[in-house]
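Notes for the one structure printed next.
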2 protein chains.
Amino acid sequence: MTDDVPNTAPVAAPRRRGRPPKDSARSPQETRALLIRAGLEMLTEKGYSAAGLDEILRAAGVPKGSFYHYFASKEAFGSALIGEYAAYFAVRLDRWLTDPQRTPLQRIEDFVEDSAAGMARYGFRRGCLIGNLGQEMSALPESFRQQLQDVFSDWQSRLEVCLREAQACREISVTADCRQLAVFFWTGWEGAVLRARLEQSDSPLRTFAAGFLQLLEH
Amino acid sequence: MTDDVPNTAPVAAPRRRGRPPKDSARSPQETRALLIRAGLEMLTEKGYSAAGLDEILRAAGVPKGSFYHYFASKEAFGSALIGEYAAYFAVRLDRWLTDPQRTPLQRIEDFVEDSAAGMARYGFRRGCLIGNLGQEMSALPESFRQQLQDVFSDWQSRLEVCLREAQACREISVTADCRQLAVFFWTGWEGAVLRARLEQSDSPLRTFAAGFLQLLEH
DNA sequence: ATTTATTTTAGACCGATCGTCTATTTATAA
DNA sequence: TTATAAATAGACGATCGGTCTAAAATAAAT
């Protein structure tokens, strides 16, 4: 090979700079969505501190300049991810916990089964974004705290509704404290997700769910 | 000030390099213990990934070179911390769960109370090292996994013994599955610690403990 | 049509920090 | 004495999160 050939044979694809043409392969909308998706994958797996921006960018195939066009900082990005995850999870919870074809208690079991399947699908590497960040809170921007608490609060409300319906159809005792039980569930559930990842097995999820359902028999 | 004065007036204390004389202020034993202590404080608070070596070293007042004399790597250090924490926790568990002055169920309540007080003492910033690392596992050396599982297994055994004693004195049903209940407790407890840190309150600990004790009434 | 402002991308760059390594000094043993 | 081991100090390259300028295309204004 000659070495006197400037302007040719770049080692890797020399990407064009500047705003891309309108008929570009990727729309701005998609670029942002790509960052969100890659970020969610990375943070559900490794948490906030261990997830490097460069790594997320590499996975998304997006350069740093674009990232800082869509997000003011890693903190702002993390905040957006929490919001995105909460929205996604709300849909998923609704899907299971309001299914009219199933009794309230069956719906909870359905959610547990779906969660077990979901964790298995990714080899038990990914956890719950909210749980991950909650655990890391001491090393995180303080602005995350309220946001994370609000998400838990939302999940608790949705479960509480389901438990009240269980009372209505006499599946559980009418004297049960549904609010307290919902808090109990999400508290322990995060621990179960943690153990499931550690043991790479869905048995912690099932063990916790079984205990919770037994508690409802009071 | 003149500027032609070499070998004098170092800006900060120029620490001597090389092995310190025998009558040094700090013994090698102490140096290692200092590193362990600072490491435990840092990792229970921020986890493994977010805890920087420099920060730990600064807190311990030990230079980097010394660190790598006592530990082969951050991974080896982390492994030593897990062992140290497990030993410390085993003593603490024994203290509460085998107290002959208290009934088995009271012992569990005592442990919960002590944990709540312990978390409050540090402003709910510190969590459980084992839980922290378990949550981070996807970003950690694979060698940690078995070690962490073993610690949980040990805690479960200790609680199981206590629950069997509760059966023996008819505090709980003789048909209860003590092993399963012990797994359930430590699974949910880690979630409770997580929530307590997030909400900066001991109420998640108490809520979970109350639910667990109610479960024992079956 | 031409100019101007805005949007979006590329990647160089900075100070800080990551975990590791080499060099230095002392104690101990041969 | 000499050689080896123990203990410390700080340099080191790689990478981190974050900022910056420059480039290229679109949209708006004239």
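These numbers come from the heavy atoms of this one structure, side chains and all, not from hydrogens, waters or symmetry mates. This one's a predicted model, so the numbers in the text were calculated from it and none came from an experiment. Throughout, a chain's letter reflects where its sequence line sits, starting with A, and its residues are numbered from 1.
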Practice item. Sort out for me which residue in A:L53, A:L40, A:V62 forms a side chain to side chain contact (heavy atoms under 4.5 Å, CB included) with A:L35. Key: A:V62
Point to revise | From B:W155, B:F89, B:W186, residue fulfilling side chain to side chain contact (heavy atoms under 4.5 Å, CB included) relative to B:I130 | key: B:W155
Rounded to the Å, how far apart are [X] [atom1] and [N] [atom2]?
X	N	atom1	atom2	answer
B:K64	C:dT17	NZ	P	10 Å
A:I56	D:dG17	CD1	P	8 Å
B:L53	C:dC21	CG	P	13 Å
A:R32	C:dT9	CZ	C1'	17 Å
B:L34	D:dA7	CG	P	15 Å
B:Y48	C:dC18	OH	P	12 Å
B:F67	D:dG10	CZ	C1'	16 Å
A:L35	D:dG18	CG	P	14 Å

Between [X] and [N], is there a side-chain N or O to OP1/OP2 distance below 4.0 Å?
X	N	result
A:H69	C:dT8	yes
A:T31	C:dT9	yes
B:Y68	C:dT22	no
B:Y70	D:dT8	yes

Taking the basic N atoms (NZ, or NE/NH1/NH2) and the acidic carboxylate oxygens, is any pair closer than 4.0 Å for [X] and [Y]?
X	Y	result
A:R95	A:D99	no
A:E136	B:K46	no
A:R158	A:D154	yes

Practice item. Report yes or no: is there a donor-acceptor pair, N or O only, under 3.5 Å between the side chain of A:K74 and the base of D:dG18? Key: no
Review point. At under 4.0 Å between heavy atoms, what does B:G52 touch on the DNA or RNA strands: base, sugar-phosphate, or nothing?
Key: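 Since only primed, P, OP1 and OP2 atoms lie under 4.0 Å of B:G52, the category is sugar-phosphate.
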Practice item. Describe the nucleic acid contact of B:A76 in one word from base, sugar-phosphate, nothing, applying a heavy-atom distance below 4.0 Å. Key: nothing
Review point. Where each residue is assigned the nucleotide of DNA chain D containing its nearest heavy atom, which of A:E55 and A:G65 is assigned the position nearer the 5′ end?
Key: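 Between the two, 5'-proximity favours A:E55.
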